[in-house]
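This report concerns only the one structure given below.
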Amino acid sequence: MIQPTGRALIFRLGETGFFLDLAWVVEICEQFAECFDSGRTDLERRIVGALFFRQTYIPVIDPALHLNIQSQLAATDKTALILRGGEGNWALLVDRVVEISPVARLRPCELPSLLKKTVGSYYSQVSLLKNEPMIGFEPEQYYGSTPGVT
Amino acid sequence: MIRYGLFCLGPVNYAVPLLQLRKVVHADPGFLLPQLPSAVAGVLVDEGRLVPLLRLAFLSGGSESTVRQAEYKVIVESAGGRIALPAVLVCGVVAENKGALLVSEEKQIPGIIGIFNYQGQEFNVLDIDFLAIEMTRRV
């Protein structure tokens, strides 16, 4: 079961900021090219490769594909966040890790009702950090299930 | 008496009823969020709330990529909530009786309810509720 830690990892995909409770994060890998196998893909499940991590291959997900976010970086120039999942660890590709922030600094902010219909199926939580909107990253939307939840 | 806020975007002038005008912000490019409707260029943060920034490219004929870089953003209240419109120039507030309001039924453009003629210039009077609701529906 994921227990919120009260601290959030702030990262960027393209120019857009996201936040994710640190409880999901196992490790942050900034250089992983040597452990990355781009031949193991399953694009229907948004898997763009496999990462050799702790003696096993884990799936690598690129959320930019799902969110249609343009990135200037090649996959191996990105940062891999190793996340917990119901079926084991998996890796999430992000452009850049910005900081770790107390969740209290994030000010919840409602999505405008005019946008809910179009963006609501992609993300539902937005908070402001230093007056910039940050999207609440929902890992279960991308791969597997929440650990400890059946 | 109706008063209008007058603005320019590229070669096109437009007017919004003053009652719907909330504020004009300067040099605020706003933020890009993923999967926005095609007619929404980004969002502004105004008083802790997100405000969709519309492209209005169908009026100005200008490049859509310059919307966020427009010098001014005009924030207006619609039936569906606040929206922001890009503007290059802010031309002031004018009472309806200082000009002439023409409602053209011949060449109706969606989102425009009439033409306000002021000092020899034509300003498209925007239907804010239509723009807010219809343009944010377009995927």
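Order of the sequence lines fixes the chain letters, A, B, ..., with proteins taken first and strands second; residue numbering starts at 1 for each chain. Note that the structure is predicted; figures quoted are calculated from it, not measured.
The choice from A:Asn68, A:Asn131, A:Ile69 that makes the most heavy-atom pairs within less than 4.5 Å of chain B is A:Asn131. Residue with the most contacts toward chain A among B:Gly48, B:Gly81, B:Ser78: B:Gly48 (heavy-atom pairs, distance under 4.5 Å).
Side-chain contact between B:Leu33 and A:Val119: absent, with no pair of heavy atoms (C-beta onward) separated by less than 4.5 Å. Between B:Leu50 and A:Leu128 there is a side-chain heavy-atom pair separated by less than 4.5 Å. A:Val126 places none of its side-chain heavy atoms less than 4.5 Å from the side chain of B:Val43. With a 4.5 Å cut-off on side-chain heavy atoms, A:Leu13 and B:Pro34 do not count as touching.
Within the 4.5 angstrom heavy-atom criterion, only side-chain atoms of B:Ile83, from C-beta onward, approach chain A. Using a 4.5 Å cut-off between heavy atoms, A:Glu15 touches chain B through its side chain atoms alone. The part of A:Ile135 that comes within reach of chain B is its side chain, from C-beta onward, which places non-hydrogen atoms under 4.5 angstrom from that chain. With a 4.5 angstrom heavy-atom cutoff, A:Leu67 touches chain B via backbone and side-chain atoms both.
Nearest heavy atom pair, residue B:Gly80 against residue A:Ser113, reads O-OG, 3.2 Å.
The hydrophobic clustering, which links ILVMFWY residues whose side-chain heavy atoms are closer than 4.5 Å, places B:Leu18 and B:Val76 together. A:Ile10 is not connected to A:Trp24 by any chain of hydrophobic side-chain contacts under 4.5 Å among Ile, Leu, Val, Met, Phe, Trp and Tyr, and they are in different clusters. Tracing side-chain contacts under 4.5 Å through hydrophobic residues (I, L, V, M, F, W, Y), one never reaches B:Val67 starting from B:Leu44; they form parts of separate clusters.
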Side-chain donor-acceptor pairs under 3.5 Å in residues 49-62 of chain A, sequence neighbours left out?
unit_1: A:Arg54; atom_1: NH2; unit_2: A:Glu27; atom_2: OE1; d: 3.3
unit_1: A:Asp62; atom_1: OD1; unit_2: A:Ala64; atom_2: N; d: 3.1
unit_1: A:Asp62; atom_1: OD2; unit_2: A:Lys78; atom_2: NZ; d: 3.4

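Remark: the backbone N or O of B:Gln35 is not paired with any side-chain donor or acceptor of A:Thr118 at under 3.5 angstrom.
Taking a 6.0 Å sphere around CZ of B:Arg22, one finds it holds more than 12 heavy atoms contributed by other residues, nucleotides or ligands. Within 6.0 Å of the CD atom in A:Glu99, the count of heavy atoms belonging to other residues, nucleotides or ligands exceeds 12. Open room surrounds CG on B:Leu19; 12 or fewer heavy atoms of other groups in view lie less than 6.0 Å from it. At most 12 non-hydrogen atoms from other residues, nucleotides or ligands lie less than 6.0 angstrom from NZ of B:Lys98. Applying the 6.0 Å contact sphere to CZ of A:Arg46 captures more than 12 heavy atoms from other residues, nucleotides or ligands.
Of the inter-residue distances, the one linking A:Leu114 atom CG with B:Arg137 atom CZ reads 10.0 Å to the nearest 0.5 angstrom.
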